[in-house]
Amino acid sequence: MAGHPPKPPEVPQPGPDDPHHAAFAEYSSPPCFMHELDPTFSRSQADPHLPSKAPLVELEGSDWPGVRRWRKETRAALIEQRLQISANERVARSLRISEALKSILSTASDKLVGFYWPFRGEFDARPLLTEERGQGMRLALPVVVEKGQPLQFRAWSPGTRMTRGVWNIPIPADDEAVEPDVLIAPLVGFDPAGYRLGYGGGFYDRTIASRAVKPFVIGIGFELARLPTIHPQPHDIPMDVIVTDTDAWSRPAARMPSYPDLRP
Ligand SMILES: Nc1nc2c(c(=O)[nH]1)N(C=O)[C@@H](CNc1ccc(C(=O)N[C@@H](CCC(=O)O)C(=O)O)cc1)CN2
Ligand SMILES: Nc1ncnc2c1ncn2[C@@H]1O[C@H](COP(=O)(O)OP(=O)(O)OP(=O)(O)O)[C@@H](O)[C@H]1O
């Protein structure tokens with residue numbers, strides 16, 4: 001991308017030194033979470049370990065300038081809280097997310113799955129997805145090609161040569177684009193209707209909107225990212241599934257492409 005020349009890559013790869021990876025290895029057969037998918041998202045818990053996150057303001061959904069300001073403050077507060085999670089808590093919460101995600105991905109082993117290289121305290125899906133790759137799943141990482149445009153996805157495997165993209169995030173160096181069937185989207189925030197708050201670039205919404213066949217979208221985050229509403233706007237597209245460390249929710253009509261409905 002213009003203004004972001006590739007820097008020499010010194011890219012960490014997931015491996016046995018990763019504490020999350022080591023801990024995850026203990027869970028060879030995680031329990032199935034699908035029976036817990038809750039279309040009403042009834043459990044609305046505040047995180048007991050952290051102070052209240054979002055500025056409390058009354059907002060009309062149609063007040064876009066107001067919503068935008070609120071989103072900016074809320075993003076900053078939620079990212080800060082996410083970064084404050086202790087190392088032990090992070091491992092414990094990440095294991096719970098991994099178990100649920102593994103269960104949801106159990107019918108996706110023949111799919112091309114777009115995920116992300118974690119930064120700013122995002123949940124790290126690399127250990128699980130690297131393991132799933134061994135079962136046939138193909139993986140891809142997002143690249144910001146240009147502001148205001150959809151993300152591009154590029155195939156990734158543990159040996160892929162990497163460079164750096166916006167915010168110094170590692171990206172595959174080979175610029176051939178692929179189109180994932182399933183997208184795993186990191187949540188800065190989310191709400192009970194399945195709407196996602198991201199970093200404010202609108203990249204995931206644009207990416208989903210631009211695709212002729214809509215990918216199956218799984219939002220992933222810690223429970224502390226839960227908000228009563230993100231004040232959804234016409235451009236916001238709800239996730240199909242949301243997974244946190246204590247809950248899993250699916251949009252009533254959501255189904256993994258070409259598979260029967262997984263809900264009970
Ligand atoms: N780990 C990870 N990788 C990812 C994403 C992600 O959410 N997580 N992305 C998901 O999209 C893309 C990067 N998203 C980006 C979103 C915004 C800006 C950006 O330049 N933001 C402006 C402020 C935006 C605004 O508030 O208007 C800035 O920081 O100056 C850069 C990258 C691709 N890679
Ligand atoms: N499909 C789209 N077409 C045009 N503009 C869009 C589209 N989707 C989002 N936008 C614009 O992108 C901007 C950022 O949107 P929003 O606050 O929803 O970002 P976000 O979901 O938090 O970011 P990201 O998806 O990058 O993590 C808004 O100005 C919005 O109007």
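Start at 1 and go down the list; that is how both ligands and their atoms are numbered. We number each residue from 1, following the sequence as shown.
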Enquirer: When you measure from atom 24 (P) of ligand 2 to each heavy atom in Pro234, Gly202, Ala185, Ser210, which option holds the nearest one?
Expert: Gly202
Enquirer: Side chains of Ser109 and Gln135: do they bring a donor and an acceptor to under 3.5 Å?
Expert: no
Enquirer: State yes or no: are the ring centers of Phe119 and Tyr199 separated by less than 6.0 Å?
Expert: yes
Enquirer: A cation-pi test, strictly: NZ or CZ of Arg164 under 6.0 Å from the centre of the six-membered ring of Trp117 and no more than 45 degrees from its axis. Yes or no?
Expert: no
Enquirer: Do Arg71 side-chain atoms and His231 backbone N/O form a donor-acceptor pair below 3.5 Å?
Expert: yes
Enquirer: Going by an N to O cut-off under 4.0 Å, is there a salt bridge joining Asp240 and Lys214?
Expert: yes
Enquirer: With sequence neighbours left out, what residues match Lys72 under side-chain hydrogen bond (donor to acceptor under 3.5 Å, both in side chains)?
Expert: none
Enquirer: Decide yes or no for Arg226 and Asp247: does some side-chain heavy atom of the first lie under 4.5 Å from some side-chain heavy atom of the second?
Expert: yes
Enquirer: Gly200 heavy atoms, cut-off 4.0 Å: which ligand 2 atoms fall inside?
Expert: 14 (C), 19 (O), 20 (P), 22 (O), 23 (O)
Enquirer: Can a donor-acceptor pair be found between the side chains of Gln152 and Arg154 at a distance below 3.5 Å?
Expert: yes
Enquirer: Do any nitrogen or oxygen atoms of ligand 1 lie under 3.5 Å from a protein nitrogen or oxygen, and which ones?
Expert:
| residue | atom | partner | partner atom | Å |
| --- | --- | --- | --- | --- |
| ligand 1 | 1 (N) | Trp117 | O | 2.7 |
| ligand 1 | 1 (N) | Glu122 | OE1 | 2.7 |
| ligand 1 | 8 (N) | Glu122 | OE1 | 3.4 |
| ligand 1 | 8 (N) | Glu122 | OE2 | 2.9 |
| ligand 1 | 29 (O) | Trp167 | NE1 | 3.3 |

Enquirer: Can you tell me if Trp64 has a non-hydrogen atom under 4.0 Å from ligand 2?
Expert: yes
Enquirer: Using a strict cut-off of 4.0 Å, indicate which atoms of ligand 2 neighbour a heavy atom of Arg71.
Expert: 16 (P), 17 (O), 18 (O)
Enquirer: I need the contact type for Asp236 against ligand 2. Using non-hydrogen atoms and a strict under-4.0 Å cut-off, is it side chain, backbone, both or neither?
Expert: side chain
Enquirer: Of the choices Arg68, Gln233, Arg75, which has the non-hydrogen atom that lies closest to atom 17 (O) of ligand 2?
Expert: Arg75
Enquirer: Would you mind finding which of His235, Arg196, Lys72, Arg206 brings a heavy atom closest to atom 12 (O) of ligand 2?
Expert: Arg206
Enquirer: Numbering the atoms of ligand 2 from 1, which are under 4.0 Å from a heavy atom of Tyr204?
Expert: 25 (O)
Enquirer: Go through the steps to decide whether Met137 and Leu105 satisfy the test side chain to side chain contact (heavy atoms under 4.5 Å, CB included), and finish with yes or no.
Expert: CA-CA 9 Å; Met137 184 182 286; Leu105 290 175; 4.1 Å; yes
Enquirer: What are the atoms of ligand 2, with element, lying closer than 4.0 Å to any heavy atom of Tyr199?
Expert: 22 (O), 23 (O), 24 (P), 27 (O)
Enquirer: Any Lys/Arg nitrogen of Glu132 or Lys102 sitting under 4.0 Å from an Asp/Glu carboxylate oxygen of the other?
Expert: yes
Enquirer: Going by the rule side-chain hydrogen bond (donor to acceptor under 3.5 Å, both in side chains), which residues pair with Arg75 if we only count those two or more places apart in sequence or in a different chain?
Expert: none
Enquirer: Anything under 3.5 Å between a donor and an acceptor, one on a side chain of residues 176-190, the other on a protein residue two or more places apart or in another chain? List them.
Expert:
| residue | atom | partner | partner atom | Å |
| --- | --- | --- | --- | --- |
| Glu179 | OE1 | Arg211 | NE | 3.2 |
| Asp181 | OD2 | Leu112 | N | 2.7 |

Enquirer: Return yes or no for this condition: an N or O of Phe203 is under 3.5 Å from an N or O of ligand 2.
Expert: yes
Enquirer: Using a strict 4.0 Å cut-off to heavy atoms of Asp205, name the atoms of ligand 2 that fall inside it.
Expert: 8 (N), 18 (O), 21 (O)
Enquirer: Counting both backbone and side chain atoms, is some N or O of Gly198 under 3.5 Å from an N or O of ligand 2?
Expert: yes
